[in-house]
Number of protein chains: 2
Amino acid sequence: MPVLVMKFGGTSVANLDRIRRAAKRVGVEVAKGYDVIVIVSAMSGKTNELVGWVEETSPLFDAREYDAVVSSGENVTAGLMALTLQEMDVPARSWQGWQVPVKTTSAHSSARIEEIPTDNIKAKFDQGMRVAVVAGFQGISPEGRITTLGRGGSDTTAVAFAAAFGAERCDIYTDVDGVYTTDPRITDKARKLDRIAFEEMLELASLGAKVLQTRSVELAMRYKVKLRVLSSFEEQSDTAGTLVCDEDDIMESNVVAGVAHSRDEAKMTLLSVADRPGIAATIFTALSDAGVNVDMIVQNISEEGRTDMTFSCPTDQVARAEKALADIKAKGGLNFAELIADKNVAKVSVVGIGMRSHTGVAAKMFKVLSGEGINIKVITTSEIKISVLIDRKYMELAVQALHDAFELDKAA
Amino acid sequence: MPVLVMKFGGTSVANLDRIRRAAKRVGVEVAKGYDVIVIVSAMSGKTNELVGWVEETSPLFDAREYDAVVSSGENVTAGLMALTLQEMDVPARSWQGWQVPVKTTSAHSSARIEEIPTDNIKAKFDQGMRVAVVAGFQGISPEGRITTLGRGGSDTTAVAFAAAFGAERCDIYTDVDGVYTTDPRITDKARKLDRIAFEEMLELASLGAKVLQTRSVELAMRYKVKLRVLSSFEEQSDTAGTLVCDEDDIMESNVVAGVAHSRDEAKMTLLSVADRPGIAATIFTALSDAGVNVDMIVQNISEEGRTDMTFSCPTDQVARAEKALADIKAKGGLNFAELIADKNVAKVSVVGIGMRSHTGVAAKMFKVLSGEGINIKVITTSEIKISVLIDRKYMELAVQALHDAFELDKAA
């Protein structure tokens with residue numbers, strides 16, 4: 001029988017009623033003839049409670065013990081989901097990560113899945129079991145200890161199972177009903193996308209759209225797993241939500257798929273840096289060692305052997321960046337006049353695989369922003385994305401204007 | 001290094017503060033030179049919460065899923081305890097039942113431990129680890145699924161580890177400071193025993209003293225594991241609590257070790273039963289099939305082919321017993337005039353291995369009760385125990401009078 005993977009996030013299994021609602025959706029797919037692998041998260045709030053206990057017990061905790069404690073939330077949901085399905089006369093059983101076993105690396109708290117043997121679960125399907133409920137987010141290391149995959153890891157578990165079992169589709173049930181052209185809180189013209197390409201989803205996920213864990217999208221792209229994002233709180237239908245798929249599976253699409261934004265960016269400018277070979281390496285090695293996630297980087301034209309260097313980073317890493325650069329200046333490793341941190345900025349991006357074949361997207365974007373009197377502070381581009389840093393107060397205006405200009409409220 | 005097993009019950013690990021307090025006690029034993037195996041229960045209340053969810057989800061639950069869900073509480077405590085010890089610079093790690101592995105039967109929810117391989121943990125001790133924290137109450141079946149040992153099962157886990165590792169002692173930390181000559185709520189002359197024999201503890205446990213799970217005492221007796229019951233809320237000392245040990249390790253002891261009582265007994269009398277061979281088998285097979293735990297049984301002298309049959313059972317099983325006997329009477333399998341249930345009784349017992357060699361204990365007991373004007377309704381005896389059923393209103397009086405008469409307030 002064809003296999004379907006269905007993943008339910010924390011809000012979709014927050015209590016026994018919701019677990020029952022999720023189980024009913026599983027029952028519908030079983031009735032259609034699918035063997036279903038259900039991946040569950042912990043009931044919402046449970047993982048935070050466990051993490052809180054660990055951090056209070058031991059601020060610099062042993063990640064192996066952290067994983068052993070924190071993985072228990074998913075085990076509870078898995079058992080309860082299996083029991084709920086059995087009550088509905090659907091043959092089901094639960095698997096914890098180590099029982100499958102979901103083999104991972106030993107990088108505790110951020111382990112990567114290396115292999116998922118399918119024989120164990122397939123044998124049960126062959127014996128008439130219709131649903132395997134698997135605790136998400138967890139696995140087992142080569143040393144036989146429990147590992148976890150990092151926040152949002154259950155998405156990755158789901159995609160990995162879909163790849164291993166050659167599932168027809170991987171449905172991610174969450175509390176939003178799909179992927180939108182932009183944040184619906186900023187413009188009511190935001191439109192739910194029926195389909196979006198893996199690459200676009202990847203850019204949107206890394207730009208802060210919290211629908212899917214970035215790693216799960218990478219994995220889906222690599223193994224060509226059809227991913228569907230949909231809400232567990234809406235009517236069930238075959239066309240609900242957004243299908244994240246290969247670009248070849250999208251017949252028509254707008255040049256721009258969506259407009260993303262991020263409020264949590266700061267613009268950092270190093271004034272009058274001595275411009276000599278290796279200076280950029282010095283700066284960004286120091287920042288990387290200090291755990292600062294640098295996003296955009298711009299270097300101005302050099303004048304009289306000195307230049308200005310600008311970069312962006314998350315606002316909550318500004319203090320860390322300042323300390324790292326002051327330290328290296330004090331040690332004589334870097335010569336600059338001043339470091340200016342501007343937390344009053346925002347990043348706005350347009351994303352679309354159509355940019356590869358359509359020119360003029362950047363020009364149009366800049367023209368739209370200038371038409372609204374918005375000054376662009378920094379620009380970066382990738383093959384399918386253009387991002388700009390602007391004054392934060394213009395962020396909503398910029399998103400609305402770009403959404404209108406690229407006619408994202410209309411389907412292709 | 002010598003091995004010590006320390007078990008902490010739910011109230012002793014109820015929150016992070018108490019876990020820290022328990023960890024400090026472990027640290028003291030490590031400093032003395034012991035390699036310590038710590039067995040932990042779930043934080044108090046957690047198991048009830050999990051059981052509640054399972055029962056609400058599925059009243060006739062699949063015990064395999066019940067075990068998978070309910071065992072998660074102990075895993076959380078085990079990880080937190082290991083982290084707490086690490087914070088105190090005590091090398092420690094946690095083990096879940098399947099990781100040891102604690103091999104059990106497949107009797108889910110009431111599994112028995114069959115084998116505990118020691119090589120895994122011993123290797124870690126050899127490498128310098130000082131504390132192995134093991135989640136109690138759980139194991140793994142031959143099919144690779146999680147099992148649990150039934151309520152109070154962590155006591156059994158602790159004794160089984162002590163037996164497997166040849167531990168010097170197994171300390172059971174709980175919320176009472178030891179085993180008493182009788183219930184201190186009934187007489188303030190109740191005295192904490194320094195030592196008690198396994199057989200006596202077994203009788204007291206099965207008579208309702210809730211200090212230790214009966215099965216754990218059986219196991220300790222079989223493998224000669226020295227068990228110590230002590231409070232995690234009192235000062236730590238080598239002589240705290242009560243040592244449950246082989247009778248050979250008790251130099252001097254009173255003839256009677258303790259007086260036990262149970263309020264939850266009902267006296268059931270079948271009037272005018274046709275007295276023929278096999279009639280007792282008919283009655284007690286029917287009661288056993290109905291899940292009635294019959295305790296005392298008395299058959300009066302037969303007159304004219306008919307007799308009266310009296311037995312006792314827990315008060316909450318009276319309705320079940322009545323139905324079972326009415327059913328069998330209706331089917332013609334049993335002929336009796338009437339069934340009288342008297343819930344207004346209590347059981348009082350004196351227990352002591354000294355009875356084996358001292359005669360006259362029964363005579364003294366009956367004389368004391370008669371001196372107080374207390375009528376005895378039913379009597380049963382074992383080698384080291386005499387139990388009587390009396391009117392409930394005399395229960396406290398009987399306990400106090402017997403405690404005085406056998407001078408239990410004075411050590412041997």
> Measure A:E49 against the heavy atoms of chain B and call it side chain, backbone, both or neither at under 4.5 Å.
side chain
> Verify the neighbour count for atom NZ of A:K32: are there more than 12 heavy atoms of other residues, nucleotides or ligands below 6.0 Å?
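Counting other residues, nucleotides and ligands, NZ of A:K32 exceeds 12 neighbours.
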> Distance check, rounded to the nearest 0.5 Å: B:S94 atom OG versus A:D67 atom CG?
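Between atom OG of B:S94 and atom CG of A:D67 there are 10.5 Å.
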> I'd like to verify something: which residue of A:V54, A:N15, A:V70, A:V133 has the highest number of heavy-atom pairs under 4.5 Å with chain B?
A:V54
> Check this for me: B:K24, atom NZ, are more than 12 non-hydrogen atoms of other residues, nucleotides or ligands nearer than 6.0 Å?
no
> With ring pair (Phe, Tyr, Trp, His ring centres under 6.0 Å) as the rule and sequence neighbours excluded, what pairs involving residues 86-114 of chain B come up?
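Listed by first then second residue: A:W98-B:W98.
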> Any donor and acceptor pair, going by atom type alone, linking the side chain of B:E56 with main-chain N or O of A:L16 inside 3.5 Å?
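Judged by distance alone, no pair lies under 3.5 Å.
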> Any heavy-atom pair between the side chains of B:L50 and A:V76 that's under 4.5 Å?
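A side-chain contact exists here, since the closest heavy-atom pair is under 4.5 Å.
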> Non-hydrogen contacts under 4.5 angstrom with chain B: give the residues of residues 169-177 of chain A involved, or none if there are none.
none
> In chain order, what residues pass the ring-ring contact (aromatic ring centres under 6.0 Å, His included) check against B:F61, with sequence neighbours excluded?
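B:F61: ring-ring contact (aromatic ring centres under 6.0 Å, His included) contacts with B:Y66.
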> Checking heavy atoms, do the side chain of A:R64, its backbone, both or neither come under 4.5 Å from chain B?
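No part of it gets close to chain B.
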> If you take all heavy atoms of B:R145 and A:Q99, which pair is closest and at what distance?
CA-NE2, 3.7 Å
> Side chain from CB out, backbone as N, CA, C, O: work out which of these in B:I140 comes under 4.5 Å of a heavy atom of chain A, or both, or neither.
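When you check distances to chain A, only side chain atoms of B:I140 fall under 4.5 Å.
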> Using heavy-atom distances under 4.5 Å, tell me whether B:E74 contacts chain A through its side chain, its backbone, both, or neither.
neither
> Return yes when atom CZ of A:R112 has more than 12 non-hydrogen atoms of other residues, nucleotides or ligands closer than 6.0 Å, and no otherwise.
no
> Using a 4.5 Å heavy-atom cutoff, which residues in residues 77-88 of chain A come close to chain B?
A:G79, A:L80, A:A82, A:L83, A:T84, A:Q86, A:E87
> Roughly how far apart are A:D62 CG and B:R93 CZ, rounded to 0.5 Å?
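Separation between the atoms: 9.5 Å.
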> Decide if atom CZ of A:R20 counts as having more than 12 heavy atoms of other residues, nucleotides or ligands within a radius under 6.0 Å.
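Yes, CZ of A:R20 has more than 12 neighbouring heavy atoms, counting only those of other groups under 6.0 Å.
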